[in-house]
Amino acid sequence: MSQTDSEFMLRAIALAQAGVDSNAGGPFGCVIVKNGGVVGEGVNRVTSTNDPTAHAEIVAIRDACRNLDSFQLDGCVVYTSCEPCPMCLGAIYWARPDRIIIACDRNDAAKAGFDDAFIYDELCGSDLSQRKVPISTILRDEGLKVFQNWIAKPDKIEY
């Protein structure tokens, strides 16, 4: 770990504390860095915005992508005060940064009342109809037509 890594992580931790102090949401902060400079920041804003997706990492990704004018974070490092939840991890993977650095892990979060183990368990299950929020399939053939149109589209922007 470099001195710079520590400095950016301290910023993510400070954002997490600021979120606690302001009651914006949970105790989570995130900083996204490219070429040694901060390109995005986020604090958990779930309760202050009534948005269950407003986790610190999602807020930071949106900020960084807007600032970089890109939907991807190539060349970036994500510093987050805690191991990303499944939703945030998925978003981070889709954004394609180079690295993720965390301060705390999911067990630390669980001890503070943020236990997402049930989501990991749900993702590993294979029977969609038996999930806590059951998933059913209808109109699959019609839905597949949209994918076929995407495959055939010559001017699509792939990601």
Side-chain angles (χ1 to χ4, degrees), residues 2 4-5 7-9 11-16 18-19 24-26 28-106 109 114 116 118-129 131-159:
S2 71
T4 305
D5 286 339
E7 291 170 7
F8 290 127
M9 183 57 73
R11 176 63 184 154
I13 292 168
L15 286 168
F28 304 98
C30 182
V31 174
I32 300 176
V33 174
K34 184 168 187 172
N35 298 325
V38 174
V39 294
E41 292 187 336
V43 64
N44 184 292
R45 298 186 183 284
V46 170
T47 57
S48 62
T49 61
N50 294 319
D51 180 354
T53 69
H55 290 200
E57 296 89 346
I58 301 294
V59 173
I61 289 168
R62 290 173 179 161
D63 187 38
C65 287
R66 184 173 41 256
N67 290 331
L68 294 171
D69 195 28
S70 175
F71 58 85
Q72 299 206 311
L73 299 176
D74 299 345
C76 293
V77 179
V78 176
Y79 297 85
T80 184
S81 63
C82 189
E83 178 181 357
C85 74
M87 174 186 69
C88 292
L89 187 61
I92 291 168
Y93 271 71
W94 280 116
R96 296 179 175 89
D98 290 358
R99 294 188 299 147
I100 305 167
I101 300 176
I102 65 172
C104 299
D105 66 19
R106 69 178 87 170
F114 298 92
D116 51 16
F118 76 97
I119 300 173
Y120 285 102
D121 292 343
E122 290 274 296
L123 293 173
C124 293
S126 60
D127 189 348
L128 299 179
S129 66
R131 292 190 173 176
K132 290 185 193 279
V133 179
I135 299 174
S136 58
T137 302
I138 65 169
L139 301 175
R140 183 169 181 266
D141 289 340
E142 289 79 352
L144 286 173
K145 289 177 186 173
V146 179
F147 284 125
Q148 292 163 353
N149 292 339
W150 170 258
I151 291 167
K153 185 175 174 58
D155 62 341
K156 62 184 167 242
I157 300 172
E158 297 198 35
Y159 60 96

When you measure from the side chain of [X] to the backbone N and O of [Y], does any donor-acceptor pair fall under 3.5 Å?
X: Arg96; Y: Trp94; answer: yes
X: Asp105; Y: Glu83; answer: no
X: Asn67; Y: Val39; answer: yes
X: Lys34; Y: Leu73; answer: no

I need the Phe118 CZ to Leu123 CG distance, nearest 0.5 Å.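 Reported value, rounded in 0.5 Å steps: 10.0 Å.
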Restricting to non-hydrogen atoms, name the atom on Leu15 and the atom on Gly29 that form the minimum distance, rounded to 0.1 Å.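 Looking at all heavy atoms of both residues, the shortest contact is CB-CA, 4.0 Å.
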Quick one, [X] and [Y] - any side-chain contact, counting heavy atoms below 4.5 Å?
X: Val38; Y: Arg11; result: no
X: Thr53; Y: Arg62; result: yes
X: Cys88; Y: Thr80; result: no
X: Val59; Y: Val43; result: no
X: His55; Y: Phe28; result: no

Member of Val78, Ile92, Ile102 meeting the side-chain contact (heavy atoms from CB on, under 4.5 Å) criterion with Cys30: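 Only one option passes, and that is Val78.
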Parallel, tilted or perpendicular: which fits the ring planes of Phe8 and Tyr79, with parallel below 30° and perpendicular above 60°?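 If you compare the ring of Phe8 with that of Tyr79, the planes turn out tilted.
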Decide if atom [atom1] of [X] counts as having more than 12 heavy atoms of other residues, nucleotides or ligands within a radius under 6.0 Å.
X: Lys145; atom1: NZ; answer: no
X: Asp69; atom1: CG; answer: no
X: Phe71; atom1: CZ; answer: yes

